[in-house]
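Note that this is a predicted model, so its numbers are computed, not measured.
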Amino acid sequence: MAFQLWLFCPSTNSTLIFSADAGLVMVAKSRARAIHFLEVFALGIVEQTVTAAGAIRKPKAGRSTQHLSSGNLPPLIGAKQLSQARWPLAVLVGLALALAFPEPRWVGFAWLVPGAWLAVVAGERRWRLFGLAFVAALVFRLVSLRFLLNMPHMAGAIAGWLALSLYSALYPAAWAWLCGGSLRDGLGKLQWPWFRRLGFGLFAAATWVAFEMLQARLLGGYPWNFLGVSQFENFALIQIASVTGVYGVSFLVVWASVSLLFAVLQIRRSPANPWSWMVDVALPLLALGLVCGSGVFRVAKVPSPTNKLTVALVQPSIPQQLIWQGGTADERLAKILKLSRLALATKPDLLVWPEACASISAERWPEVFGMVKSSGVPLLFGTDDHERAEGSDEVRFYNTAAFLTPDDIQLQSYRKRRLVIFGEYIPFEKALPFMKYLSPIGGSFTAGMEPVQFTLQEGGHMIAPLICFEDSFPHGGREHVSSGTDLLVNLTNDGWFGTGPEQWQHAANAVFRAVENGVPLVRCANNGLTCWIDSLGRVRQFYGQESGDIYGAGFVSFDVLLGQTPGQTFYNRHGDVFGWTCLGWVLGVAGIRGFRAKRGLHTGGGIG
């Protein structure tokens, strides 16, 4: 039975039918048959990247077929139609990638998008190639970061959404541009042997990791929604993060996706051989099987925990507008204290408030300390702190996590080290004073200097605080976990973004800090997601789990299991060995290509 592909051509009111065994294109004057095109839309993406050189001509009268040249995949679309089709396809690629993240978490798209992205840009060159790559990346960022538009400061919301989307889109766009450059002759003319296709798939995966490494560090870093984060609920797969960090998951997803693209091409080239595609996906499938198998084994062999810590978390759900409004501090504190007294009835070992939801005035401080002292339960809470710079009149402000124990009125504190752009600091504030009008804050905070750990007197457990999106930094989270750390605690105020996908996206990023470092992580949020994540990356419980409302006000008490993962993980001990290796490989290949190009110019040879 012949393999056929149907494509309706509106300019000729015809249906083009490709028969793989005969190598023919037949033209049928039947609009009804065009519906078959929908059945092969996935293959159509590849077909549209075949070539822009062979435009379909209108058949002469009395001629119903025309022969195609052999050797390459047959052209199914003209240059003009191809040029127009790539831009909407780039938009669809970006949209599909955004949908792989919360919400709605259609994670399967993550495995398809990198390969589809390269299919869209293949055959293009230079700025048009980068333009297509950037459109897909920008749509991905605009859609996945749409929660920024919920910020109550309208000018800052729109400016922040556009600026952050444009900036963070540069990294995946650069990946598609760099890798797509190797496919500049189009997929239809691609005659690579298997080992070269394998090498390219591995290189594409390493390049993706390299750009994620840069994104996590440049300009303070913005490691939000790395590709591997989309798989946060695949517990077997994400265990590899204990060795490679989240970057290992991203690597596997990209490698599998690019290999799938090559497999589709093999099906097109050898339709008579139904197993021709296996040669391209065999190794990625084997690697995924080994990784998931070892992940299942790691989860299964976890010993029964010997210790647990009961943590009570208060989620006040205070609107951000109220936090900014003057004269509301006592009202906000009263709400938190009321919820705290209810939470203390559960007899916890630790009481936690979220990030900076209520300042404590000197008049109300005795009430707070009295509650802690009478209950015998230490309090970890977020607050703003300030001090005068030594030798000057400058006052520095800090976003702080404070630790108050029942028998010591002297506060221990940790100052946030990684600040949110426009939310906690204004870039170029002194050189460009107008920049402050794009932000709801009146001035910039100062970054803290070092990680801090607090010790619970009862049981001697060590807890390491993280503030806001600090739990999104792979290398940053690692710096807070030592060999004696029992628990990571994240204090966050996601009330900036109303009710939407941000709360789940933030939690999904945090999952990997638990796996990477082999310690559980507790998150206390203003309006969600308040939860605890075990050392294997499983979200065990969260506020609103029964009611379905994760954003409301209340409290919750968790029995957090400690010591599930004995010893430090490889990632915690050695850091981003895998990530730096990928970056080094990419830079090495780029350097060799640059040297060869320069040598070719000097000797009169061609480039590539």
Could I get the full list of side chain to side chain donor-acceptor pair (under 3.5 Å) partners for Arg217, not counting sequence neighbours?
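If we apply the side chain to side chain donor-acceptor pair (under 3.5 Å) test to Arg217, skipping adjacent residues, the hits are Asp576.
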For [X], all residues meeting ring-ring contact (aromatic ring centres under 6.0 Å, His included), sequence neighbours excluded:
X: Tyr571; answer: none
X: Tyr551; answer: none
X: Trp504; answer: Phe542
X: Phe297; answer: none

Where Leu339 and Phe555 come nearest, the two heavy atoms and their spacing
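Result for this residue pair: O-CD2, 4.1 Å.
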[X]: what forms a salt bridge (charged side-chain N to carboxylate O under 4.0 Å, His left out) with it, not counting sequence neighbours?
X: Asp549; result: none
X: Arg141; result: none
X: Arg341; result: Glu367
X: Arg105; result: Glu103, Glu233

Could you list the residues that satisfy side-chain contact (heavy atoms from CB on, under 4.5 Å) with Glu212, not counting sequence neighbours?
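For Glu212 the side-chain contact (heavy atoms from CB on, under 4.5 Å) partners, ignoring immediate neighbours, are Trp208, Phe226, Leu227, Tyr247, Ser250.
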Partners meeting side-chain contact (heavy atoms from CB on, under 4.5 Å) with Lys338 (sequence neighbours left out):
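Not a single residue meets the side-chain contact (heavy atoms from CB on, under 4.5 Å) criterion with Lys338.
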With a cut-off of under 6.0 Å to the ring centre and 45° to the axis, is Arg418 in cation-pi contact with Phe469?
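No, a cation-pi geometry is absent between Arg418 and Phe469.
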Between the side chains of His506 and Arg523, does any donor sit under 3.5 Å from an acceptor?
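There is such a pair (donor and acceptor under 3.5 Å, judged by atom type) between the side chains of His506 and Arg523.
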Is it the case that Gln315 and Asn526 place a side-chain donor and acceptor less than 3.5 Å from each other?
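No, Asn526 and Gln315 have no side-chain donor paired with an acceptor closer than 3.5 Å.
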Can you list every ring-ring contact (aromatic ring centres under 6.0 Å, His included) pair that touches residues 325-363, not counting sequence neighbours?
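Listed once each, the pairs are Trp353-Phe381.
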Parallel, tilted or perpendicular: ring planes of Phe570 versus His574, cut at 30 and 60 degrees
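Ring orientation, 0 to 90° scale: tilted.
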